Amino acid sequence: MPSEILGRRMMWGNWTTVSEFVLVSFSTLSSELQALLFLLFLAIYLITLMGNVLIILVTTADSALQSPMYFFLRNLSFLEIGFNLVIVPKMLGTLIIQDTTISFLGCATQMYFFFFFGAAECCLLATMAYDRYVAICDPLRYPVIMSRRSCAQLAAASWFSGFPVATVQTTWIFSFPFCGPNRVNHFFCDSPPVIALVCADTSLFELEALTATVLFTLFPFLLILGSYVRILSTIFRMPSAEGKRKAFSTCSSHLLVVSLFYSTAILTYFRPRSNTSPENKKLLSLSYTVVTPMLNPIIYSLRNNEVKSALRRVVRRTLGPQKL
């Protein structure tokens, strides 16, 4: 058992209950730099919300975007909006008005929904990879396999996957005693910086957390990897260059989104603690909590001709052909 934990356990006789936490966030930076970061993150936040809402509206309203791929894309946009709402508003508050305190319940709630949306997104990205696998590798059976009912069940399973991991992880963490200090060295209540404040032996929890991470992060990633190995193998065997181009264009956006999300998440949670400073972890966390949700609608709208055409149709119906 680490000496720090042992020392904290010896103080249990007179520890006081922690009623709130303090998010260190970016408090070490100058006020001028924090103001610039506020403006930058506010712009990203608004772009993220508007972009994902636009994806939801377009894929719902346009009759040409009613295939399973766009049904799952709509679900991904809902997840990205939720993910952003959990993290960014509080972070903006810490930057502009120095509102760094967060209640015990508020911290637990933020962590719960962070786990929920994170696990659900990992599973949904795997579901989207499976959809592309069936579309390219088994196109004749695609309408049967990816029926409306099957898509609804797969989407519901992806959303539901967030509940067990969020419930177990959050309940377990906040059942530990917190003896002080209460400064969370992050811009949100993530598991590693919060568990560092616990004055008890957390080795069993850390084993469970590693198991949950493997099941809900690495396992979906391996499914995605396996799907794309089969997809690329099928594409390379296609006789025509046009067929290859069209097949690859249908999955390139998803592949780029997966690469962005998993590369930063793996760098954040699977590197040895001694090799990553808290400041570097904050930067890595920014990439998948703030930047990636903004890039997803941009990637899907700019790299997808069907979405671009649907956007033009929506604008034409809204403004009228004479204003285009």
Side-chain angles (χ1 to χ4, degrees), residues 51-52 54-80 120-161 216-263 292 295-314:
N52 282 289
L54 186 61
I55 289 289
I56 293 169
L57 293 177
V58 169
T59 57
T60 301
D62 196 278
S63 58
L65 302 182
Q66 301 306 308
S67 66
M69 181 173 73
Y70 297 108
F71 170 75
F72 293 127
L73 176 58
R74 190 157 57 245
N75 278 267
L76 179 63
S77 290
F78 275 117
L79 281 174
E80 297 288 28
E121 182 162 343
C122 288
C123 293
L124 184 63
L125 288 173
T127 299
M128 294 172 77
Y130 175 71
D131 170 68
R132 294 298 84 208
Y133 162 75
V134 177
I136 293 173
C137 300
D138 198 0
L140 295 179
R141 298 178 59 209
Y142 180 74
V144 177
I145 296 175
M146 302 304 294
S147 63
R148 186 182 294 269
R149 180 179 180 182
S150 297
C151 290
Q153 290 173 340
L154 287 169
S158 298
W159 280 86
F160 180 78
S161 67
F216 290 94
T217 304
L218 281 186
F219 185 64
F221 176 70
L222 292 175
L223 290 177
I224 293 170
L225 195 61
S227 297
Y228 274 104
V229 168
R230 294 292 303 274
I231 288 171
L232 292 175
S233 175
T234 301
I235 291 176
F236 289 140
R237 291 200 306 268
M238 290 180 177
S240 68
E242 178 62 22
K244 291 179 181 179
R245 187 199 62 78
K246 187 175 180 180
F248 187 75
S249 67
T250 64
C251 59
S252 59
S253 298
H254 178 256
L255 187 58
L256 184 55
V257 167
V258 167
S259 300
L260 288 170
F261 179 82
Y262 271 100
S263 59
T292 300
L295 293 178
N296 286 354
I298 296 174
I299 291 170
Y300 275 103
S301 59
L302 293 181
R303 296 182 60 86
N304 190 300
N305 291 328
E306 290 182 329
V307 174
K308 287 190 288 186
S309 298
L311 283 170
R312 284 194 291 268
R313 286 193 292 271
V314 169

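Quick caveat: nothing in here was measured; it's all calculated off a predicted structure.
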*Measure the shortest side-chain to side-chain distance between I55 and N296 over non-hydrogen atoms and say whether it is less than 4.5 angstrom.*
no
*If we only count heavy atoms from C-beta on, is the V58 to Y70 side-chain gap below 4.5 Å?*
no
*Looking only at heavy atoms, what is the nearest atom pair of Y300 and V257, with distance?*
CE1-CG2, 3.6 Å
_Set of side-chain contact (heavy atoms from CB on, under 4.5 Å) partners for K244, sequence neighbours left out_ = I235, M238
*asked:* Between E80 and N75 (side chain of the first, backbone of the second, donor and acceptor by atom type, cut-off under 3.5 Å), is there such a pair?
replied: no
_Nearest-0.5 Å distance that lies between atom CD1 in I299 and atom CG in L260_ = 5.0 Å
Determine all donor-acceptor pairs shorter than 3.5 Å in which one atom belongs to a side chain in residues 125-135; sequence neighbours excluded.
unit_1: T127; atom_1: OG1; unit_2: C123; atom_2: O; d: 3.0
unit_1: T127; atom_1: OG1; unit_2: S158; atom_2: OG; d: 3.1
unit_1: D131; atom_1: OD1; unit_2: Y142; atom_2: OH; d: 2.6

*Can you list the residues that meet the side-chain contact (heavy atoms from CB on, under 4.5 Å) rule with L57, with sequence neighbours excluded?*
V53
*Approximate separation, where rounding is to 0.5 Å, of L124 CG and L79 CG*: 5.5 Å
*To the nearest 0.5 Å, tell me how far F160 CZ sits from Q153 CD.*
14.0 Å
*asked:* Once rounded to the nearest 0.5 Å, what's the spacing between atom CG of D62 and atom OG1 of T60?
replied: 10.0 Å
_Listed partners of F78 passing side-chain contact (heavy atoms from CB on, under 4.5 Å), at least two apart_ = I56, R74, W159
Can you give me every donor-acceptor pair (side chain of residues 216-233, partner residue at least two apart or in another chain, under 3.5 Å) with its distance?
unit_1: T217; atom_1: OG1; unit_2: T213; atom_2: O; d: 3.3
unit_1: S227; atom_1: OG; unit_2: L223; atom_2: O; d: 2.9
unit_1: Y228; atom_1: OH; unit_2: C251; atom_2: O; d: 3.4
unit_1: Y228; atom_1: OH; unit_2: H254; atom_2: ND1; d: 2.6
unit_1: S233; atom_1: OG; unit_2: R237; atom_2: NH1; d: 2.8

*Residues in side-chain contact (heavy atoms from CB on, under 4.5 Å) contact with S147, at least two apart in sequence or another chain*: R149, S150
